[in-house]
Amino acid sequence: MGITPIRSMIAEATNQKTDHDLTLLYSNKTPEDAPFLSDFEDMEKRNRHFTFVPVMTRSDADEWSGERGHIDAELLKRYVSDINKPIYYLSGPGDMVEAMQKMLVDAGVNEDNIRSEEFAGY
């Protein structure tokens, strides 16, 4: 699954107490569809350098009080002050990865700062 290596990277940074600033914009249909949701919430509490932004695409306000809809440049800029500073890791279904890469490039991110891996079969 696409999120598993990202979870490992964030867990390692949390356990090692690194000072790397990490932000995870994590899109799922519903909270029930989001593997490791509670793990990421816990790591955010333990790691002041980690910002966790779960985004649900098919949850209404009664079901989910956090971010809803699709990740776009506006949402990205709310959580990342300088969008040209980070290295971006995109992982998931091919169409989603392609859409996120286009959104980042259209927002002005240098393509050299984008790493991606597509996973078929979602």
Side-chain angles (χ1 to χ4, degrees):
M1 187 170 299
I3 194 63
T4 303
I6 303 300
R7 180 194 172 278
S8 295
M9 291 168 63
I10 294 168
E12 182 68 12
T14 299
N15 292 335
Q16 295 294 321
K17 298 181 179 3
T18 69
D19 61 356
H20 298 290
D21 290 326
L22 304 167
T23 301
L24 175 61
L25 303 178
Y26 184 36
S27 179
N28 288 275
K29 293 175 185 172
T30 67
E32 294 77 26
D33 295 324
F36 308 120
L37 187 65
S38 61
D39 289 356
F40 290 124
E41 291 168 340
D42 177 62
M43 284 187 269
E44 183 180 42
K45 290 175 186 167
R46 295 186 301 125
N47 183 346
R48 66 185 178 92
H49 297 284
F50 174 49
T51 302
F52 178 49
V53 184
V55 181
M56 301 303 153
T57 61
R58 295 191 184 164
S59 292
D60 61 31
D62 294 335
E63 300 171 313
W64 182 251
S65 61
E67 296 285 354
R68 294 186 318 274
H70 293 278
I71 297 170
D72 59 14
E74 181 182 314
L75 182 122
L76 173 68
K77 290 173 183 177
R78 277 201 306 269
Y79 292 96
V80 180
S81 59
D82 180 355
I83 64 167
N84 290 303
K85 187 177 177 184
I87 300 295
Y88 294 87
Y89 293 91
L90 308 176
S91 180
D95 290 346
M96 188 273 306
V97 168
E98 187 176 307
M100 290 296 96
Q101 187 156 8
K102 181 178 181 340
M103 181 272 296
L104 289 170
V105 170
D106 289 350
V109 172
N110 183 329
E111 284 187 73
D112 291 341
N113 293 342
I114 303 171
R115 314 287 187 271
S116 65
E117 189 158 353
E118 299 170 16
F119 292 88
Y122 272 81

Side chains of [X] and [Y] in contact at under 4.5 Å (non-hydrogen atoms):
X    : Y   : result
H70  : T57 : yes
Y89  : P5  : no
P86  : T23 : no
E117 : V97 : no
V53  : I71 : no
F52  : L37 : yes

State whether a side-chain donor-acceptor pair under 3.5 Å links Q16 with T18.
no
Could you please spell out the steps behind the side-chain contact (heavy atoms from CB on, under 4.5 Å) verdict for T4 and F36?
CA-CA 9 Å; T4 303; F36 308 120; 3.7 Å; yes
Using every non-hydrogen atom in the two residues, find where [X] and [Y] come nearest and quote the distance to one decimal.
X    : Y   : value
P35  : I3  : CB-CG2, 4.4 Å
N113 : N84 : ND2-O, 3.5 Å
A34  : M56 : CB-CE, 4.3 Å

Could you check L104 against L90 for side-chain contact (heavy atoms from CB on, under 4.5 Å), going step by step and ending with a plain yes or no?
CA-CA 10 Å; L104 289 170; L90 308 176; 4.0 Å; yes
Under 3.5 Å donor-acceptor, [X] side chain and [Y] backbone:
X   : Y    : answer
Y88 : Q101 : no
N28 : P31  : no
R68 : S65  : no
E63 : D60  : yes

Distance in Å, [X] [atom1] paired with [Y] [atom2], rounded so as to fall on 0.5 Å steps:
X   : Y   : atom1 : atom2 : result
I87 : H20 : CD1   : NE2   : 12.0 Å
L22 : I10 : CG    : CD1   : 6.0 Å
T14 : M9  : OG1   : CE    : 11.5 Å
K17 : R46 : NZ    : CZ    : 7.5 Å
M43 : F50 : CE    : CZ    : 6.0 Å
S59 : E32 : OG    : CD    : 7.0 Å

Near R78 CZ, under 6.0 Å, is it more than 12 heavy atoms from other residues, nucleotides or ligands?
yes
Can you confirm whether more than 12 heavy atoms, excluding those of R58, are under 6.0 Å from its CZ atom?
no
Please work out whether the ring planes of Y26 and F40 are parallel, tilted or perpendicular, with thresholds of 30° and 60°.
perpendicular
